[in-house]
Amino acid sequence: MTEPSKVIHVRNVGPEISENDLLQLFQPFGVITKLVMLRAKNQALIQMQDIPSAVNALQFYANVQPSIRGRNVYVQFSSHQELTTMDQNTQGRGDEPNRILLVTIHHMLYPITVDVLHQVFSPHGFVEKIVTFQKSAGFQALIQYQSRQSAVVARTALQGRNIYDGCCQLDIQYSNLDELQVNYNNERSRDFTNPNLPTEQKGRSSQPGYGDAGGMYALQATGRAVPFPQMANAAAIAAAFGGGLPPGISGTNDRCTVLVSNLNPDRIDEDKLFNLFSLYGNIVRIKLLRNKPDHALIQMGDGLQAELAVNFLKGAMLFEKPMEVNFSKHPNITQGADTHEYINSNLNRFNRNAQKNYRYCCSPTKMIHLSTLPQDLTEEEIVSHLEEHGTIVNTKLFEMNGKKQALVLFETEEQATEALVCKHATSVSGSIIRISFSQLQAI
C-alpha cells in the first residue's frame with residue numbers, strides 16, 4: 001500500500017474524459033491545486049490541497065466505483081508527494097529564459113486566433129506582441145511579454161495544459177528572438193503597444209477562428225460572426241463535448257425557438273422557465289401563451305442550444321407534470337407586451353465559459369451544484385433555503401479555487417429540478433447563488 005499523499009493517481013482515463021470530468025470527481029473532497037493529464041498513458045495525476053482531502057476521496061471511492069462517461073476509472077495514492085511542473089521540452093531549443101515564448105499547439109480541433117492566445121497568456125503579465133504562423137510542426141505562435149519574469153510564470157503555469165477540454169495542448173519553449181516585428185493588427189498578428197497598425201485588408205483569412213475564447217462563435221471568410229452550430233468544422237462542435245456530440249444531438253439544427261407544453265400554469269412563470277432552459281443556452285425571450293396557459297415559447301440563442309434543450313428536457317418532471325418540449329414552427333418570438341426579454345440578462349450562462357457550460361449539459365439529476373455562495377455559509381443554511389422543495393438526502397460544502405460551493409442531493413430528480421427552477425439566482429446572505437445539475441452520482 002502506497003503511503004498517503006495529497007497526489008492521487010488515476011488510471012484508465014480514456015480520451016473522452018476531460019479535465020473538467022476529473023475535477024467534478026474530486027472537487028467535493030477539497031481544493032484541487034494541480035491536475036496533469038498523461039494522455040499517452042491514459043492516466044492523470046491530481047494534487048489536492050492537503051493529505052486529508054486525498055484520503056477522504058480515496059476512502060469514498062474504495063466503496064463506490066468511480067465512473068466517468070460510462071468508463072470505470074481506478075484511483076490510488078501516487079508515489080509522488082508533490083507535483084512539480086513537468087518540463088516536456090528539454091530537447092527543445094529554449095531552456096534559457098526569455099521574454100518571448102515559442103508556443104506550439106498540438107491536437108488543434110479549434111481554430112486558434114490572436115484573441116484566444118491573448119486571453120490565455122495575458123493573465124500572467126502584459127503581452128506586448130503576438131505572431132501566429134503555420135509550420136511543419138503544426139500551428140505555432142510567438143508571444144512577447146513586457147518582462148522575462150512574466151514569460152517564466154506563464155510557461156510554468158501553462159506548459160502542457162489544454163486551451164479547450166481535450167484539445168489544443170500548449171507546448172511552450174523559450175524563443176531565441178530578442179524582439180518581434182509586427183506589421184499588421186489582425187487575426188494572425190497583433191502589437192498591443194501600437195493599436196494604429198493597419199489590418200491588411202486581403203479578404204479571406206488563412207486562419208479563420210474564434211473571436212473570443214469564451215464564446216461559441218466562429219469568424220467565416222467574411223469576418224462576420226455566425227452562431228456556433230452553423231460552423232463548417234463539425235469537429236470543433238464535437239470538441240466542446242469531449243470529442244463527440246451527446247446521443248440524439250445533430251449539431252446542425254437551425255431552429256432556435258422551442259414550444260413547451262403540459263406546464264403547471266398555477267406555478268410556472270417566465271423566470272422559472274429561464275432558470276431551467278438557460279442551462280442549455282442563452283435565452284433571448286420567453287412568451288407564455290395566454291390562450292393556452294400550459295404552453296410557452298422559448299427563443300434560444302441558436303439552433304444547437306435549442307436542440308440541447310429539446311433533447312435533455314423532453315419528458316422532464318416539473319411541478320408534478322411531465323413537460324413536452326419540441327421545436328416550434330415559429331423561427332423566433334416577436335417582441336411585445338406579453339414577452340419577457342432576457343437577451344441582455346447577465347444571468348445568461350453562456351456569455352462566459354461557454355465551452356464549460358456545454359460540457360455540463362445533461363438531463364435533470366437528483367444532485368444540484370451551488371456556486372457563488374457566501375464564504376461563511378453553513379450546510380444548515382443551505383438546507384433551510386432548499387428543503388421546501390423536497391427531501392434532502394445529503395449535502396456537502398467545499399471550496400474550489402478559494403470559492404465556496406456546495407452539492408445537494410435530493411430524493412428525486414423532480415425535487416432537484418424544482419429547487420433549481422425556484423432558487424437559482426436568488427439571494428442568500430447578500431450573494432446571488434447559481435444552481436445547475438451535477439452529474440455526480442453520490443456525495
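Using a cutoff of 4.0 Å between basic side-chain nitrogens and carboxylate oxygens, Lys321 and Glu414 are not scored as salt-bridged. Electrostatic pairing of Asp115 and Arg190 counts as a salt bridge here, judged by a charged N lying under 4.0 Å from a carboxylate O. For Lys423 and Glu418, the salt-bridge test fails: no basic side-chain N is under 4.0 Å from an acidic carboxylate O. Taking the charged nitrogens against the carboxylate oxygens, Glu16 and Arg71 do have a contact shorter than 4.0 Å, which makes a salt bridge. Salt-bridge annotation for Glu307 and Arg255: absent, with no side-chain N of the basic residue lying under 4.0 Å from a carboxylate O of the acidic one. For Asp338 and Lys287, the salt-bridge test passes: some basic side-chain N is under 4.0 Å from an acidic carboxylate O.
Ile368 has its side chain within reach of Leu386: a pair of non-hydrogen atoms, C-beta onward, lies under 4.5 Å apart. Side chains of Asn162 and Leu170 form no contact here, defined as non-hydrogen atoms less than 4.5 Å apart. Counting heavy atoms from C-beta outward, Val127 and Gln144 have side chains that stay 4.5 Å or more apart. Looking at Asp266 and Phe319, their side chains never come closer than 4.5 Å, going by heavy atoms from C-beta outward. Residues Ile112 and Ile163 have side chains in contact (heavy-atom distance under 4.5 Å, counting atoms from C-beta outward).
The closest donor-acceptor contact from the side chain of Asp302 to the backbone of Leu304 lies under 3.5 Å. Checking side-chain atoms of Glu413 against main-chain N and O of Met367 turns up no donor-acceptor pair under 3.5 Å. In this structure, the side chain of Gln335 does not engage the main chain of Glu341 through any donor-acceptor pair within 3.5 Å. No donor-acceptor distance shorter than 3.5 angstrom exists from the side chain of Gln173 to the backbone of Val103, with no hydrogens or angles considered. In terms of modelled atom types and a separation under 3.5 Å, the side chain of Asn42 and the main chain of Asn12 share no donor-acceptor contact. Without hydrogens or angle criteria, Gln159 side chain to Ile172 main chain gives a donor-acceptor distance under 3.5 Å. Checked by atom type and distance alone, the side chain of Ser431 never pairs as donor or acceptor with a backbone atom of Ile433 at under 3.5 Å. Within the 3.5 Å criterion, the main-chain N or O of Ile283 finds a donor-acceptor partner in the side chain of Asn348.
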Derivation of the side-chain contact (heavy atoms from CB on, under 4.5 Å) call for Tyr145 and Phe121: CA-CA 9 Å; Tyr145 279 99; Phe121 284 87; 3.2 Å; yes

Asp269 and Phe274: CA distance, side-chain angles, deciding distance, side-chain contact (heavy atoms from CB on, under 4.5 Å) verdict: CA-CA 9 Å; Asp269 60 37; Phe274 172 88; over 6 Å; no

Full working for side-chain contact (heavy atoms from CB on, under 4.5 Å) between His9 and Val75: CA-CA 6 Å; His9 180 207; Val75 299; over 6 Å; no

Intermediate values then yes/no, ring-ring contact (aromatic ring centres under 6.0 Å, His included), His118 and Phe192: CA-CA 10 Å; His118 190 257; Phe192 294 95; 4.1 Å; yes

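With hydrogens and angles left out, the side-chain atoms of Thr104 and Gln140 include a donor and acceptor closer than 3.5 Å. His424 and Arg349 share a side-chain donor-acceptor pair at under 3.5 Å. Defined by atom type and a distance below 3.5 Å, a donor-acceptor pair is missing between the side-chain atoms of Gln76 and Ser78. Side-chain atoms of Asp50 and Ser53 include a donor-acceptor pair closer than 3.5 Å. Side-chain contact check for Glu82 and Gln47: at least one donor-acceptor pair (N or O, by modelled atom type) lies under 3.5 Å.
Remark: of the listed residues Thr378, Leu407, Val383, Leu370, Val383 is the sole one forming a side-chain contact (heavy atoms from CB on, under 4.5 Å) with Thr395.
The cationic atom of Arg155 (NZ for Lys, CZ for Arg) lies less than 6.0 Å from the six-membered ring centre of Tyr174 and within 45° of the ring axis.
With sequence neighbours left out, His80 forms a ring-ring contact (aromatic ring centres under 6.0 Å, His included) with no residue at all.
Relative orientation of the Tyr61 and Phe29 rings is perpendicular, given thresholds of 30° and 60° on the angle between their planes.
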